[in-house]
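Note that the numbering runs from 1 along the sequence shown for the chain.
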Amino acid sequence: MKPGHVDGQHFTGHVDTVKQLKREGRLDEARDLLLRLVEATEEEARANRWGVAPWYYEQLAIIYRKLKQPQNELVVLERYDRQPKAPGAGPSKLAERLAKVRAQLDRSSE
């Protein structure tokens, strides 16, 4: 299978499915799909030497927040932080979210 594909379709073709799963409250299914999509965007970015698409990381972080899993939210935001970035507003937005989650976790561990 080509880099960037999940279930025979480019990762961008799964956006509506993710949105639908979230609307229906099927967060576990959305999370599982997004984990595969994050991997696909990273594979494609490596293969083509470009930045990853931030939307998938952001949606995964949102789901972890809704599931009250701040450690997992932190992990996915740190994973994004380590990747080469695609241009746009996403990188700074996710950097701010990462800083906020770290601060919240620091406060809760005191």
Side-chain angles (χ1 to χ4, degrees):
M1 188 162 30
K2 294 192 294 190
H5 284 69
V6 171
D7 298 334
Q9 186 176 16
H10 190 262
F11 65 84
T12 55
H14 293 275
V15 168
D16 288 338
T17 303
V18 169
K19 289 178 179 179
Q20 183 68 35
L21 289 169
K22 285 178 65 186
R23 264 194 307 275
E24 294 173 2
R26 295 162 57 191
L27 298 181
D28 290 338
E29 290 174 69
R31 177 205 54 217
D32 294 346
L33 177 56
L34 280 162
L35 285 167
R36 295 171 60 215
L37 297 174
V38 161
E39 185 62 39
T41 187
E42 289 173 2
E43 286 173 4
E44 185 178 79
R46 277 191 302 274
N48 294 310
R49 299 175 189 248
W50 59 39
V52 295
W55 185 85
Y56 305 89
Y57 297 86
E58 181 181 28
Q59 295 305 306
L60 195 49
I62 290 167
I63 287 172
Y64 284 134
R65 171 66 54 98
K66 287 181 179 180
L67 294 173
K68 303 203 182 321
Q69 297 176 358
Q71 270 315 126
N72 289 334
E73 183 181 5
L74 178 65
V75 167
V76 76
L77 292 170
E78 287 178 337
R79 181 175 178 172
Y80 175 74
D81 194 50
R82 291 189 301 270
Q83 303 301 319
K85 313 291 184 286
S92 61
K93 188 173 167 187
L94 290 180
E96 287 173 23
R97 186 175 187 132
L98 174 57
K100 198 183 296 186
V101 171
R102 280 181 176 152
Q104 289 168 345
L105 287 172
D106 285 347
R107 281 194 303 274
S108 69
S109 67
E110 292 174 353

With a 3.5 Å cut-off and no angle check, do the side chains of [X] and [Y] form a donor-acceptor pair?
X	Y	value
Gln20	Arg23	yes
Lys22	Gln59	yes
Glu44	His5	no

Separation of [Y] [atom2] from [X] [atom1] (nearest 0.5 Å):
X	Y	atom1	atom2	result
Lys100	Leu98	NZ	CG	11.5 Å
Tyr57	Asp81	OH	CG	11.0 Å
Leu67	Ile62	CG	CD1	12.0 Å
Leu60	Arg65	CG	CZ	13.0 Å

What is the minimum heavy-atom distance between [X] and [Y], and which atoms define it?
X	Y	result
Val6	Ala40	CG2-CB, 3.6 Å
Ala30	Ile63	CB-CD1, 3.5 Å
Pro84	Trp50	CG-O, 3.8 Å
Pro3	Ala47	CG-CB, 3.8 Å

Close side-chain approach of [X] to [Y], heavy-atom, < 4.5 Å:
X	Y	result
Val76	Leu34	no
Tyr56	His14	no
Glu29	Glu24	no
Thr17	Leu33	yes
Val18	Trp55	yes

Original post:
If only atom types and distance count, is the side chain of Lys85 paired as donor or acceptor with the main-chain N or O of Tyr80 below 3.5 Å?
Top reply: yes

**OP:** Give a yes or no answer on whether the side chain of Thr41 reaches the backbone of Ala53 with a donor-acceptor pair at less than 3.5 Å.
**Re:** yes

Subject >> Check ion pair Arg46-Glu39 (N to O, under 4.0 angstrom) >> reply: yes

**OP:** Evaluate salt bridge (charged side-chain N to carboxylate O under 4.0 Å, His left out) for Glu58 paired with Arg97, printing each intermediate quantity in order.
**Re:** CA-CA 9 Å; Glu58 181 181 28; Arg97 186 175 187 132; 5.1 Å; no

**OP:** Say whether Val75 and Val38 are linked into one hydrophobic cluster, either directly or through other cluster members, by side-chain heavy-atom distances under 4.5 angstrom.
**Re:** no

Original post:
Under 4.5 Å between side-chain heavy atoms, hopping through other hydrophobics if needed: is there a path connecting Leu77 to Leu105?
Top reply: yes

**OP:** Quick one: do Leu21 and Arg31 satisfy side chain to side chain contact (heavy atoms under 4.5 Å, CB included)? Show the steps, please.
**Re:** CA-CA 9 Å; Leu21 289 169; Arg31 177 205 54 217; over 6 Å; no

**OP:** Could you walk me through whether Arg102 and Glu78 pass the salt bridge (charged side-chain N to carboxylate O under 4.0 Å, His left out) test, one step at a time?
**Re:** CA-CA 10 Å; Arg102 280 181 176 152; Glu78 287 178 337; 3.3 Å; yes

